[in-house]
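Quick notes on the structure that follows.
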Amino acid sequence: MPFDKLSVIVPFFNEATTLETSINAILEVDVGIEVEIITVDDGSNDGFSVFDSPKDSESIICLSHATNRGKGAAIRTGLQKATGNIVVIQDADLEYNPQEWIKMIPLMTEGTEQVVYGSRFLGKIDNMSLKAKIANLTLTRLTNLLFKSNLTDMETCMKMFRIDLLKDVELVSSDFRIEPELTSVFLKKGIPIKEVPINYMARTVSTGKKIRAKDALLAIIALFRFRFNH
């Protein structure tokens, strides 16, 4: 089967200052195959619609939740509407540059890989706090111990994968636990995850960062749950 269409799922909540720039950045990427963009507004209340004047509205599907349900719920909603045979998750907060896909997509379209992650710890990281680094590295180390994997960045939000890998899986996470859940699905299926280095510009809480310390604890619990019960 040719892998010739990329579905870009863009979950967002209250990203009025970055959303339009993010969408336009996505539209500028040339990956060599057809691209559909699926934005999922997860109950934003900042008075900002998807964006005022998109460059190419025909390639964008706009979905929304009436209330804030969490990033995982937004991703699950996007997956239900995706028609591409490759999917990439792209946050709308400008921490991840969609131009990094150019390193990832050939591995998918040429059939050498089924899952590709953009690893921040193999590339260049700017602005990430020491606490965040420790939390991310701890969660990755735990993932490797539980699943006998060799990842450097399980929590990366730039995940690209074949959509058929999820055809017999019902994802359940509604919040940030979607990251360990997706990883556990792939690893429990015995699918290797290829990592490529990416550049990453972290935000702070004051500039809109939404993940908190409690989310790291929830991710630890989720990893055990998904390893042994899911």
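If you read the sequence from its start, that first residue is 1, and numbering goes on from there.
In this structure, the side chain of R227 does not engage the main chain of S184 through any donor-acceptor pair within 3.5 Å. Between the D175 side chain and the G70 main chain, no donor and acceptor come within less than 3.5 Å of each other. Without hydrogens or angle criteria, T140 side chain to L151 main chain gives no donor-acceptor distance under 3.5 Å. When atom types are taken as modelled, the side chain of E181 and the backbone of V172 share a donor-acceptor pair closer than 3.5 angstrom. D4 places no side-chain N or O within donor-acceptor distance of the main-chain N or O of I33, the cut-off being under 3.5 Å. The backbone N or O of T152 lies less than 3.5 Å from a partner atom in the side chain of E195, making a donor-acceptor pair. In this structure, the side chain of T156 engages the main chain of M158 through a donor-acceptor pair within 3.5 Å.
Results of the side chain to side chain donor-acceptor pair (under 3.5 Å) test with D42 over T67, N68, N14 single out N68 as the only residue that passes.
Below 30°, between 30° and 60°, or above 60°: for Y117 and F186 the angle between ring planes is above 60°, a perpendicular geometry.
Under 4.0 Å is where a charged nitrogen must lie from a carboxylate oxygen, and between K71 and E179 at least one such pair does.
Considering only heavy atoms from C-beta on, V87 stays 4.5 Å or farther from L166 through its side chain. At least one side-chain heavy atom of N136 sits under 4.5 Å from a side-chain heavy atom of F121.
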Side chains of residues 98-106: which donor-acceptor pairs under 3.5 Å do they make with residues two or more places apart or in other chains?
residue: E100; atom: OE1; partner: K103; partner atom: NZ; Å: 2.7
residue: E100; atom: OE2; partner: N199; partner atom: N; Å: 3.0
residue: W101; atom: NE1; partner: Q90; partner atom: OE1; Å: 3.2
residue: K103; atom: NZ; partner: P197; partner atom: O; Å: 2.8

